[in-house]
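Taking it in order: structure first as structure tokens, then the write-up.
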There are 2 protein chains.
Amino acid sequence: MPRLKVDIGQVFHALGDPTRRAIVQKVSEGPISVSRLAEPLSITLAAVVQHLQVLEESGLIRTEKLGRVRTCRIEPAGLSAAERWIRDRRSEWERKLDRLGDLLAEP
Amino acid sequence: MPRLKVDIGQVFHALGDPTRRAIVQKVSEGPISVSRLAEPLSITLAAVVQHLQVLEESGLIRTEKLGRVRTCRIEPAGLSAAERWIRDRRSEWERKLDRLGDLLAEP
DNA sequence: GAAATTGTCAAGTGGTTACTTAAGTATTTT
DNA sequence: AAAATACTTAAGTAACCACTTGACAATTTC
């Protein structure tokens, strides 16, 4: 069982590209092969493979080759890490807001 | 009241840079000026200003100039949009997982 | 075993990005 | 009003990025 490390910087960088978001979108709907992923995208298969490398290194997806077909799946830890980073920032901001509210309510 | 539009692509791209994440981190702790933001960062103030432009255009922060000081604050809609995008992908993936579980449980 | 399918690898290219320097503007302090 | 502060703007640069082409390798189908 291969343990993947998740680098939050790589995750956000990976999600910054529209093609890669489209890929994540599709893969999140279920496991899918490289060429089926490439089908609706108007770029070469080679380019799709490069995007997949970025996504896999970031920890957002996992891929496995069986015969001549490489199948891509979501690696939930990647999305979770990004979600957590954002939530942490947002709750810190809300905490500060609350304390400001307290100050205004006090004499 | 200026309505900011949030482009999820710009948001993720903005968060892909470590310096900009450090800035968001700091700004999430409370409103802060540009030069105080620049202080702990080992880059020029001009570079910080450029990062702030990216962050503001993405909808992650909002800035306002009073006198000679520009103050930066979190724009919660930016973080929320990113959080929602991720959550949507993750829950779609979980839905599929559940249905797979159902199939395996059936005859 | 020949042909088709599915992916892989390497090199090149044009555009973008993060950064610097340097010169300038507006505001506050002394 | 001179000096210090807090940015702002523009131009240049080196590194990176998404993409293509083209040649290749492995597997499956006919």
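Chain A is the first sequence line, chain B the second, and so forth, proteins listed ahead of strands; every chain is numbered from 1. Only a predicted model underlies this, so the values are computations on that prediction, with no experimental measurement involved.
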Rounded distance (nearest 0.5 Å) linking atom CG of Leu15(A) with atom CD of Gln10(A): 12.0 Å
Strand-adjacent residues in residues 25-37 of chain B, judged by heavy atoms under 4.0 Å from DNA chain C: none
Least distance between heavy atoms, Leu60(B) atom then Ala14(B) atom: CD1-CB, 3.9 Å
Residue pairs, two or more places apart or on separate chains, that pass ring-ring contact (aromatic ring centres under 6.0 Å, His included) and touch residues 45-78 of chain A: none
Test side chain to side chain donor-acceptor pair (under 3.5 Å) applied to Glu92(B) - qualifying residues, sequence neighbours left out: Arg95(B)
Range on DNA chain C touched by chain B, heavy atoms, distance below 4.0 Å: dT17(C) to dT28(C)
With Thr63(B) via side-chain contact (heavy atoms from CB on, under 4.5 Å) - residues at least two apart: Glu56(B), Ile61(B), Arg70(B), Cys72(B)
Residues forming a salt bridge (Lys or Arg N to Asp or Glu O under 4.0 Å) with Glu39(A), sequence neighbours excluded: none
side-chain contact (heavy atoms from CB on, under 4.5 Å) against Ala47(B), all qualifying residues, sequence neighbours excluded: Ile43(B), Thr44(B)
Point-to-point distance, once rounded to the nearest 0.5 Å, from CD of Glu94(B) to OG of Ser28(A): 11.0 Å
Per-nucleotide protein contact string for nucleotides 16-30 of chain D (B base, S sugar-phosphate only, - none; heavy atom under 4.0 Å): --SBBB-----BS--
Listed once per pair and sorted, the side chain to side chain donor-acceptor pair (under 3.5 Å) pairs that draw on residues 80-89 of chain B, sequence neighbours left out: Gln25(A)-Arg89(B), Arg90(A)-Ser80(B), Arg90(A)-Glu83(B)
Summary of salt bridge (charged side-chain N to carboxylate O under 4.0 Å, His left out) pairs that have at least one residue in residues 17-32 of chain B, sequence neighbours excluded: Lys26(B)-Glu29(B)
